[in-house]
Structure formats: C-alpha cells, structure tokens
Amino acid sequence: MLLKRLKMEKTERIKGFAQHADGNLLETKDLTKVFTIGKRLTGSKLVAVNSVNLRMKKEKPEIFTLAGESGSGKTTLARIILGLTEFTSGEMLYKGKDITKLKSKKEKMWLKREIQPIFQNPYEAFNPLKKVENYLFETATRSGTNHDKKAAVNDALNMVGLNQNDVLGKYPHELSGGQLQRTAIARALITTPDLLIADEPVSMIDASLRMSVLNFFKDLKEMKNVSIIYITHDLATAYYISDRIGIMYRGCLVELGPVEKVLKKPLHPYTKLLLESIPKTDPEHRWGNEIKMSNLEVKEYGSMGCKFAERCPLASEECRKEAPKDVFVDGRLVKCILF
Amino acid sequence: MKAILHIEKLKAYYDVKAFGVDRYVRAVNNVNFDVSEGEIFGIAGESGCGKSTLIKVLYALNKPPLTVMGGRVLYNTEGGDKNPLEIGSKELQKLRWNFVSYIPQGSMSVLNPTIRIKKQFLDVIKAHHKGTDAKEAIKLSEEHVSSLGLPREVMDSYPHQLSGGMKQRVTIALATILKPRIIFADEPTTALDVVVQRGVIQLLKHIQKELHNTVIIVTHDMGVHAEMADRIGIMYAGKIIEIAPTREIFKNALHPYTQYLIKSLPKVGDKTPKASAPGAPPSLDSLPNGCSFNPRCPYAKEDCYGSEPELRKIKAQHLVACCVAEEAKNGKN
Amino acid sequence: MDIRRYIIPRLIQFFIVIFIGITITFIVPRITPIDPVEAVINRIMQYGVYMDASSIEQMRATLVDLYGLSGSVIEQYGRYLLRLVSGDLGPSLSMFPTPVTEIIYNALPWTLGLLLTSMMISWVIGNILGGVSGYFSEKKWSKAISMVATTVYPIPYYIMGLIMIILFVYLIPLFPMSGGFSIGLTPSFSLGFIASLLKHAFLPALSLITIGCGWWFLSMKALSSTTKSEDFVQYAEASGIPRHKILFGYVIKNSMLPQVTQLALQIGGVFNGALVTEYLFSYPGLGQVLYIAITNGDFNLIMGISIFSVVAIALAALVVDLIYPLIDPRVRYS
Amino acid sequence: MKKIERDSIKKSLVTFKDVMKHYRGFAFGIVFILITLFLAILSFFSPYDPRIWNAVPKDLSPSLTYLLGTNTVGQDVFWLLTFATRNSLILGFVTATVAMVIGTVVGLVSGYKGKVTDKVLMSINDSFLVLPSLPILILIASFMGARLNMVAMGLILSLFSWPWSGRQVRSMVLSLREREFTYMAEFSGMSMFKIVFSEYLPFIIPLIFANFINTILWALGMEITLSIFGLSSLEIPTIGTMIYWGMQYQAMFRGIWWWIASPVVFSVLLFVSLFLVSSGINTFLDPRTRLQRLRTIGREHEERKEVRPE
C-alpha cells in the first residue's frame with residue numbers, strides 16, 4: 001500500500017538524522033512555563049506548567065492521556081510539545097534531539113511532520129471560506145511525497161473511513177462534525193507522524209458518533225503504531241482508550257501511571273475528588289456528601305506548597321509549606337506527602 | 001400528582017428565508033408530554049436534536065426566525081391554566097420569575113458586564129415588584145445568595161471579576177430569587193469543569209428540595225440526568241421518542257436509539273469495546289418520512305417508513321414512539 | 001496599579017501624535033521648491049510696511065528658525081522645537097507685527113464654542129437616537145431615520161453649509177448669512193449681544209450637528225443592533241426586565257463604550273469641518289483666519305494654526321481617552 | 001470549466017442578484033456610480049474644451065440645447081460637469097489605491113508580526129488618525145505654490161487616509177491569528193507568507209474594497225474643501241473648482257442657480273451612493289454573512305452554541 005512505502009522511505013531518511021537516538025520518542029525534564037500578566041517586571045507571575053517530567057517510549061506506541069480541569073495547564077503543555085509556545089525552563093527531547101536546538105529550516109520542517117495536532121472544534125480547525133481539500137493537498141505537497149499527491153490524499157481518507165467524493169470540492173459546513181474531524185485526522189496522517197497531539201478531539205462531536213472516532217484512535221495506535229497524547233477533562237473516555245494517564249492540577253502533574261491503577265485505585269486526593277465528581281451514568285449511585293467549592297483560583301497558582309492544599313480534605317500545615325516530591329507507589333508516581 | 005406543565009402537539013420551526021432560499025428547520029416536531037409538580041424532568045438528546053429550541057418555546061422565548069406552527073403549552077397556575085404562547089405580554093410578564101424562570105445556556109456572558117451583581121438583582125426584583133425600595137430588595141438578595149452558599153462579596157463585584165462557576169451560581173440565584181414554581185435550565189453545566197459542575201448540580205437539587213418546585217433540565221450529558229432527573233425524555237430529530245423514569249431509561253430502554261445512546265456511554269472501569277450508532281443524525285430541514293431513526297435503525301421494517309410513530313404507553317410511566325419496541329427489547333440481550 | 005497600566009500608553013500616544021504633527025510641519029517648508037524666507041521677506045516689502053534694519057534682522061532670525069535652511073537639520077530642528085516650546089510662532093505676515101499666537105487666541109473662543117457645542121449635541125443626540133433605533137431596528141420609523149442619516153452623513157461640510165444657506169437664507173430668510181454677531185454691537189454679556197451671537201452661530205452649528213448626528217447615529221445603530229443579540233440582553237428580556245430599562249441600562253450603556261474611544265478619533269475630522277464651515281459663513285473663528293492667511297500667503301499664520309490645532313486636538317483626544325476608564329468597569333477593576 | 005468552478009460562480013451570481021433585489025439602497029448606489037462612470041467617459045466626446053471661455057452664450061438657463069444651462073464665463077455646465085467628474089474620480093482613485101496599499105501592508109505586517117512592530121506601527125497609525133488633516137494639508141498646499149495637479153494632490157491626500165484601512169486590516173488579522181485553522185495551516189507546512197495571502201485574504205478583501213470606496217468618498221470631500229480655499233489648480237475642472245468659480249462669480253446672488261446647483265446636487269448623489277455601496281459591501285461580503293448565506297444554500301443544521309470548558 002502506498003503509505004507503507006512512504007513509511008519505509010521516511011525511516012531511511014530519518015536514520016541519517018537521529019544516529020544516537022535513545023529509546024525515547026518524547027522526554028521532558030522539569031518542563032516549566034511561566035506567564036507574566038501585566039508589565040514585564042511589575043506583572044504577577046502565573047506558573048502554567050510546573051516542572052513536568054514525561055517520557056514516552058518509541059518501540060511501544062501508546063495513548064497517553066493528559067487529564068485535568070480548565071486552568072490545569074494541560075493545553076499549555078500540549079502547545080509546548082507542538083512547538084507553538086516556548087517554555088521558560090527545563091528540557092524537551094524528541095527522539096533524543098533537543099527541540100530548542102533545531103535551528104535549520106529543514107530540521108524545523110522535520111519536527112512539524114513528526115508531531116501533528118488534532119484540534120477540538122473541527123469547524124474552527126478548517127478555514128470556513130476555503131474548501132476542505134485545501135489542507136489535505138497542502139500537507140501532501142509539503143510532506144515531500146514525490147508520488148502523486150491525489151493518491152496520498154485518497155489513501156489517507158480511506159484510512160479514516162471516508163471516500164473522495166464525501167470530502168473533495170466541499171466546504172467545511174457541508175460536512176458533519178464527525179466527518180470533518182476524521183478528515184482532520186486524515187490530514188495529520190499524510191506526513192506519517194509518530195506522535196499525534198489530540199486536544200479534546202471528541203468533546204464537540206455528537207455522543208452517538210464519539211465512539212467511532214475514539215475506536216479509530218485505538219486502531220491508529222495498534223495498526224499504524226502512532227503514539228497519541230489525548231488531552232481531555234472527561235476521564236470516562238480517557239479510561240476507554242488510553243494506556244497511561246497523567247492528572248494535572250494548577251500546572252503540576254499530581255498523579256502519573258497506568259490507567260488501570262490511576263483511575264481504578266486513585267491515590268492522590270485530587271484524583272479521588274475528580275473521579276467522585278464525574279456524574280456516573282448509574283441512577284443507583286448518586287453523590288453522597290456535599291463538596292467544598294473553591295472560590296480562590298488565582299491564589300492557588302502562587303502558593304508555595306501543594307497547590308491543592310486549600311481544597312484538600314487531608315491537608316496539613318506541612319502541605320502548605322513546601323512542594324511535595326514525586327513518590328513511586330503501587331506502580332504510579334504521586335506528588336503528595338502522604339506517601 | 002397534578003400536571004403543572006402540559007404540552008400538546010407542539011410544533012416550532014426555524015423559518016429560514018435568506019435571499020430567496022426559503023426552508024423550514026423542524027426543530028420541534030409535534031411534542032406531547034406532561035410534567036407534574038415537584039418533579040425534576042430531564043430532556044436529553046444530542047446537539048442539533050431541538051432540545052434547546054423546545055425549552056425556549058416552553059418558556060415563550062420564541063423570536064423570529066423561530067415561529068410556533070401549532071399545538072399549545074399550559075402552565076397550571078393558581079389563576080387557572082395559561083398558555084404562555086397566547087397570553088398578552090403584560091400577563092406573561094407577571095408569570096415570569098414569579099411562576100416560571102429560566103437559566104440560560106453559556107453562563108459566561110449572561111450578566112451585564114457594566115453593572116455590579118447587586119444592580120442586576122435590583123433590576124429583576126424591581127421588574128416584578130415595583131413597590132419594594134432598593135435597600136429592602138438588596139437585603140433580600142443578599143440573604144438568598146448566602147443561603148445558596150455564595151460569598152457575600154459577590155454582590156459588589158462585576159461579572160468579569162468572577163470565575164465561570166461563580167457566574168453560573170449567580171445566574172441560578174437570580175433565577176430563583178422570587179421562588180418560581182417551574183425552573184427551565186438549558187445546559188446549565190456544559191461550560192463548567194467537573195468539580196464545579198457537581199457543585200452546580202447539588203445547588204439545583206438543594207433549591208428544588210427547598211422550594212418543592214419543578215425543574216426541567218436540558219443537557220446532552222447523560223451523567224447529569226442520572227444524578228438529578230426523576231424522569232427523562234429522550235429527544236431525537238425534533239421529537240420526544242421515549243419518556244420513562246431514570247432507572248428505566250438506563251436499565252431497560254426500549255427505543256433502539258436510546259439503547260445505542262446508553263450503550264455507547266464510556267464508564268471508568270469498563271473497557272469493553274463500544275459501538276456508535278451507524279450513520280449520522282438527519283438534518284432537521286430534510287427529515288426522512290416515517291420514523292426519523294429509520295435510516296440508522298437495525299430493526300426497521302415497512303411500517304417504520306409509513307406514518308410517524310406516536311408516543312404510546314408500554315408500561316406504567318414508560319412511553320416510547322417506536323413500532324418495533326418489543327423486538328428491540330428482546331433484541332437487546 | 002491597573003489604571004496606570006491604562007493611562008501610561010495613552011500619554012505616550014499623546015506625545016507621539018504631537019511629535020508626528022510637529023515633524024510634518026517642520027519638514028514641509030524645507031522640501032518646498034521656493035525658498036520660504038526670501039518669499040516672506042519680499043512679501044512684506046510689497047505691503048510697503050516700513051521696517052528699520054534691526055527689526056528686519058530680528059524678523060529674518062525668527063524666519064530662519066521657523067523655515068530656515070542654515071545649519072544641520074538637527075540644529076534647525078532643535079531651534080525649531082525651542083521656539084515652539086517658548087510659544088513664539090513668529091509674527092503674522094499679513095497683520096504684521098502682531099504675533100501669530102495672539103491672532104489664534106482671539107479666534108479660538110469662537111471655534112471652541114462652535115466645535116464643542118456641536119460635537120457634544122451631535123454625539124448625545126446621535127447616540128441616543130442610534131441606540132433606540134438599533135434596538136427597535138424592525139420598526140418603520142427606525143428605518144426611516146436610517147434612510148435620512150445615510151443621506152446626510154456622507155455630504156461634505158462645505159456642501160451641507162451651502163444647502164443650509166439656500167434653505168434658511170434664500171428660501172426662508174430666517175438667519176443671517178455671515179459674521180459672528182451684528183455689526184453694530186460691541187462684544188459684551190448683554191442680552192442683545194448674546195441673542196445676535198446665537199442667531200449668527202445657529203446655521204454653522206446646525207450644519208455641523210446634522211452631519212455629526214448622521215455619523216453617530218449610524219455607528220451607534222450598528223453597535224446597538226449587535227449588542228441587542230448579546231446573551232446578557234436576551235437574558236434580561238427573558239427575566240422580564242421592562243424594555244425601557246433594558247434599552248438604556250443594558251444595550252445603550254454597553255454600546256456607548258466604543259463610542260467614547262471613537263469620539264477621540266473623530267475630533268480631528270470634526271475640527272476640519274468646523275474650519276470649512278466657519279469660512280463659508282465667514283464666522284470669526286480659526287477657519288476664517290486660515291482663509292485670510294491663505295489669500296495673503298501668510299505662511300507663519302498657516303504654520304501657527306497647523307501646530308496649534310495638532311496640539312489642541314491631541315490634548316482633546318487624550319482627555320476623552322482618560323474619561324473612558326471612569327465609564328468602563330472592566331478597565332477600572334481589571 | 002470543472003463542475004466545481006461552475007457551481008461557485010453560479011453561487012456568487014445568485015448572491016449578487018439577490019443582494020441587488022433585496023437591498024434597494026445598494027442597487028441605487030451601484031446604478032448611480034455606473035452613471036458617474038458613464039459621465040466621466042462621456043467627457044472624452046465633449047464638443048467644448050473646458051479651458052476655453054465664451055464657447056457658448058452666457059448665463060442661459062437649462063434648456064434642450066444646454067442640458068444644465070451655461071455659466072457666466074461662457075462654458076456649457078453639463079460638459080464641464082463631465083470633465084469635473086473625470087478629474088475628481090482620477091483623484092479619488094489615486095488616493096484610494098495608494099492608501100489601500102499602504103494601509104493593507106501596515107495592517108498585515110503589524111497584525112501578523114505582533115508585539116513590538118505592532119505597537120510601533122499602530123501608534124503611528126493612530127496618530128495619523130487623530131491628527132487634524134485639513135490645516136496640515138493647507139500648509140503643504142500653500143507651500144507647494146498652491147498649484148497641485150491631480151496626481152500630486154492624490155498622493156498628499158493618501159498620506160492622511162491610509163490609517164483607516166490599516167487599523168481595520170490589523171484587527172481582522174489579529175482575530176484570524178487566534179483561530180485554530182491558522183495552526184492547522186502551519187502544520188500543513190504553509191509558510192507565514194502563504195497563510196496570510198491564501199488563508200486570510202478571503203476575509204480581508206471585502207474590508208479592503210469597502211475601505212477603498214470610503215477613501216474615494218473622503219478624498220472627493222477633501223478636494224472640494226481644498227479647491228474652495230483656492231489651493232488646487234483652479235483651471236483644472238473638478239467638482240471643487242466648479243463650486244469655487246460658481247461662488248467667485250456670485251452665481252447664487254445673480255440667480256444663475258444651475259451653475260452651483262449641478263455640482264452640489266451631483267456630488268451629494270455621488271457621495272450617498274458611494275456610501276451605500278461601501279456599507280452594502282460590508283454587510284454582504286463580510287465573511288460572517290457570506291458564511292450564513294453559503295450555509296442556507298448548503299446543509300443547514302440547528303445553531304449549536306460552541307462551549308469550550310477551557
């Protein structure tokens with residue numbers, strides 16, 4: 001199949017690049033991003049991403065979920081990996097290469113072909129005034145496929161279960177949300193990327209069609225061995241498709257580990273609160289106790305100790321003083337002094 | 001129990017006339033059901049199925065291009081049954097906020113950005129009780145707000161100083177200040193985080209218990225219905241296709257579409273492969289004849305393509321609009 | 001701290017406007033084909049004005065500073081700025097030796113009176129009418145007013161003035177054709193004088209107000225018909241708040257904010273209009289002085305008026321910008 | 001032509017036909033502008049040379065032979081008006097083109113570059129907006145020896161009219177940069193340059209076109225003002241100079257109303273129709289309404305409030 005040949009051809013090209021690549025697809029070391037609100041000096045500091053350590057293996061493609069509420073920094077982290085936002089400190093290595101060192105245009109283009117994004121609202125991700133095929137052909141020309149562009153596009157569309165005349169010649173509003181999102185995925189696949197960053201890819205799609213897109217992500221991982229970072233606030237879909245999950249709160253990765261462990265036997269108090277707060281689709285088990293509502297979001301960013309201390313039922317004085325360390329417990333990392 | 005809200009053959013279309021192209025989007029297509037006093041009735045369905053339009057029409061918020069084509073809505077008020085779609089604006093004004101109130105979708109931009117929350121409460125109270133002087137009205141609002149667990153400083157702040165969750169709780173407080181008998185809530189939790197959403201749901205349940213009134217909540221999130229609703233109506237392509245108590249809907253739904261909806265809900269701890277309903281919801285301006293689900297329904301037979309099925313009672317309080325409900329039931333296990 | 005974050009950029013903008021205005025007036029005489037200093041000297045000679053040698057030398061020095069070419073550009077610019085800061089714009093050529101600043105100050109109250117009153121009246125009426133008409137945009141009367149405003153707004157000030165003269169001077173002789181007040185009267189606060197003052201100022205003011213109202217009406221109507229469909233207005237209507245309170249307290253209150261910033265940008269345009277209208281009605285303001293300066297080729301006076309209007313307009317724009325935070329709470333309590 | 005192209009042309013024709021039918025103001029504007037262009041072309045066939053006086057008997061009121069009558073210097077007012085239209089339109093065109101080019105470039109660069117360049121360019125842009133243009137224009141004209149030909153005046157006028165389109169183009173580009181399809185285009189490998197010109201242009205073109213017409217309107221207004229102050233080359237017939245000579249020869253007092261009335265009435269109609277066309281463009285070609293119309297012609301689904309948890 002055409003794409004198989006593309007894949008082989010790409011691997012020779014890359015071999016020349018990353019001779020000394022270690023086994024990691026992606027690795028971040030104490031990645032931090034600080035936003036200053038207001039003037040350069042007098043403005044207040046907001047630590048959106050707080051020294052995050054992540055590692056994804058190359059041989060074993062996986063679906064890794066970054067879960068958390070709004071303001072937890074999960075989208076900022078995604079934008080850093082995609083290269084859309086610079087980070088303030090720490091290190092980020094893709095296939096062993098430090099992305100800040102990629103200066104030449106060729107290298108930057110290589111990174112742009114290796115990591116591809118999937119956006120939340122398909123109707124926003126396509127220019128409403130231009131035909132949908134515009135991006136498909138553009139990606140085909142740019143991904144250096146010296147084969148017939150139309151064939152590459154056609155193959156990509158077939159892979160996502162669409163055929164040509166569903167999509168070509170059409171404007172975005174003439175397609176349904178599900179079709180458009182799958183076209184976006186097809187576009188991302190043309191450059192045979194090794195890593196997809198999907199930011200809330202299914203939250204705008206009708207519930208009944210959501211499963212087909214999620215199932216499709218699982219096939220991508222298994223058959224096309226593409227690793228995916230799945231960003232969501234919906235833990236139910238995260239449990240359904242991902243292998244590992246990282247829970248983020250106010251920029252910190254509070255719990256990181258296999259989905260079975262983290263979501264079935266949560267340890268960190270915040271993960272417990274999150275899991276409890278999801279409205280279960282089972283009328284028998286309704287919520288028992290009332291929970292404490294936090295009215296002081298901004299202050300939590302600045303607090304020295306654990307960011308969850310204000311709302312944590314088990315918080316002690318010590319929690320407020322210094323930041324908790326990552327502890328490896330029962331197969332996952334937890335950032336909490338209780339362990 | 002007495003039906004406080006009665007809806008009969010309600011039809012409301014978007015009359016879309018743009019540059020000579022004249023088409024009707026059939027958002028509400030012959031809807032019939034009753035809601036009794038003190039009940040939390042949930043209306044579920046995917047985006048584009050007409051549930052938001054239905055709740056707007058029930059609250060008589062229809063403005064062109066949304067036009068009511070037929071049928072009626074009856075509020076069972078102390079002064080007898082009133083149809084909000086027919087009575088004059090003066091009488092409707094009296095009903096609003098005293099008998100029936102409305103919590104809008106997208107709470108982010110619902111409060112007037114240039115006035116303090118206190119003034120917003122004042123405007124609402126003054127609109128319905130001309131006589132009350134300002135100080136008394138503000139005292140009443142402050143009590144109401146703190147009884148709902150909101151901090152007092154909220155009253156003096158401007159909307160842009162409040163978080164999303166806080167704004168939604170203020171909107172709920174605003175909607176319930178005059179103790180209405182029916183509250184229409186249109187997707188009150190969609191734009192909120194999980195934890196804040198839980199707080200808002202608890203707030204709504206608390207108010208309903210306090211005032212013994214009726215809450216009609218519209219949302220696509222089945223989990224919210226499971227947490228709150230006593231009875232649920234499933235809406236598809238502008239029609240209510242199934243109404244039943246919450247337990248019935250989740251445990252043994254009869255309509256094939258509801259079965260698909262419940263089966264495709266992901267749950268933490270359940271990795272079994274799930275399937276989406278095939279195809280896609282029909283567009284509301286070109287509906288298939290007969291039952292609107294027939295293009296996607298695995299059990300469809302000829303009379304599904306004939307006349308549109310009406311809601312019929314299968315069991316106590318369990319109604320479904322489907323000709324093959326029985327086969328679908330045993331086909332389920 | 002937030003207010004300062006709003007005010008400082010506005011102050012910087014104020015100085016940039018003045019800097020650009022003054023630099024343009026500095027460059028213009030230096031790139032003209034004719035040598036302005038000599039042209040000015042022999043212009044005065046034509047008037048046969050007797051001047052002894054020393055006053056000619058002193059006059060030549062000021063001219064060299066204002067348009068002169070001696071010394072490097074930076075030196076010229078430095079002297080030029082020094083002279084401006086000290087407020088000395090040199091003598092007027094046609095009304096020699098009265099300094100330019102004096103002529104401007106005499107004409108200023110007239111222009112200010114006409115400009116400020118007509119701007120305020122047209123801003124208030126235009127916005128209120130536009131807001132109401134935008135809110136009731138389906139009604140017949142609102143469409144009718146928009147038709148009128150659409151025909152009135154694009155007409156240039158001079159032609160509107162002409163139409164006013166044809167209507168209210170020839171067809172229905174109600175108002176005087178020109179002048180600031182009847183000839184016989186001496187300026188004082190007596191009733192008679194003020195009455196004649198108002199009578200003379202009525203037509204110029206009316207033509208400025210008509211066009212002004214047209215512009216503010218159209219821009220406000222566009223704003224209020226978009227604000228009308230905002231969530232907070234729909235919600236206010238759903239909660240049964242009476243329409244008049246929604247119209248003023250919600251729709252107009254929120255649409256007014258951009259109209260304040262727009263006011264700051266429009267002052268320059270309305271000032272142009274005032275100059276032209278004053279000339280047409282030979283109203284004793286800056287416009288009339290400017291016309292006399294042009295006919296007499298009085299470069300000093302023209303340059304003086306240009307510099308003065310740059311500073312005045314920039315100041316007015318700054319004042320309007322500073323009012324904005326008082327109205328918009330989002331800026332005051334960001 | 002491929003079927004797809006034929007469809008899109010058919011769609012735009014339908015749009016234009018509907019627009020003309022549904023919005024009479026826009027239709028009136030277009031018709032009158034066509035009349036003006038016709039008049040301007042007609043001036044090439046004028047039997048009289050506008051510079052020669054006493055070509056026709058003086059002060060005749062409008063009649064069949066002299067449609068708009070004749071003036072005190074013996075010129076046929078109608079043919080004089082055709083020349084005036086042509087020259088004024090040339091001036092308007094020159095100003096609008098130069099202003100459009102500068103404004104669009106400034107708007108695109110500051111919208112896309114952002115941060116420092118944006119701050120610098122925008123403060124210059126806003127300063128030109130605030131500056132009172134008339135006194136400075138008069139200063140320039142008087143120092144230029146008060147004899148400005150059309151093109152020179154056009155260039156000077158464009159100095160003060162480019163900021164209007166600059167400001168609007170910049171705010172449009174800023175809003176587009178935040179939209180997700182910009183990142184989608186970036187990851188499709190499109191360069192910044194290509195994104196601005198192929199992705200953003202369909203949004204910006206209606207803006208530029210509407211501003212183009214507004215600038216013509218503004219330039220014609222300014223030309224009249226400068227001519228009345230006697231600062232433009234008075235022998236070249238334009239709408240402004242016609243009014244100037246009319247006023248100099250006291251046309252109104254002496255009852256020769258047609259000499260003044262024809263340029264005044266004509267310019268009022270021209271200005272109103274230019275304004276109607278430019279505001280009409282804003283409402284129809286503006287991307288949101290165009291999208292809405294495409295949607296009604298295409299598949300319509302119930303308006304869905306896009307609500308993002310972030």
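Lettering of chains follows the sequences in order, A, B, ..., and the numbering in each one begins at 1. Keep in mind the model is a prediction, meaning the values are calculated, not measured. Values reported hereafter were calculated over all heavy atoms of this structure, with side chains retained and with hydrogens, waters and symmetry mates removed.
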Measuring heavy-atom distances to chain A, does [X] have an atom under 4.5 Å in its side chain, in its backbone, in both, or in neither?
X	answer
I201(B)	side chain
T189(B)	neither
Y260(B)	neither

Closest non-hydrogen atom pair between [X] and [Y], with its separation:
X	Y	answer
P279(A)	D221(B)	CG-OD2, 4.1 Å
I278(A)	V194(B)	N-CG1, 3.8 Å
A236(A)	P266(B)	CB-O, 3.4 Å
E69(A)	V196(B)	OE2-N, 4.5 Å

With a 4.5 angstrom heavy-atom cut-off, could you sort out which part of [X] is near chain B: side chain, backbone, both or neither?
X	value
Q179(A)	neither
V213(A)	neither
L214(A)	neither

Winner by heavy-atom pair count (cut-off under 4.5 Å) against chain A, out of E46(B), E227(B), K267(B):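 Of E46(B), E227(B), K267(B), E227(B) has the most heavy-atom pairs under 4.5 Å with chain A.
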Spacing of CG belonging to L265(B) relative to CE belonging to M211(A), to within rounding of 0.5 Å: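 Going from CG on L265(B) over to CE on M211(A), the span is 7.5 Å.
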Straight-line distance of L273(A) CG to R198(B) CZ, nearest 0.5 Å: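 If I round to the nearest 0.5 Å, the distance is 6.5 Å.
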Within 45° cone and under 6.0 Å: K271(B) NZ/CZ vs Y239(A) ring: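 Ring-cation test returns yes.
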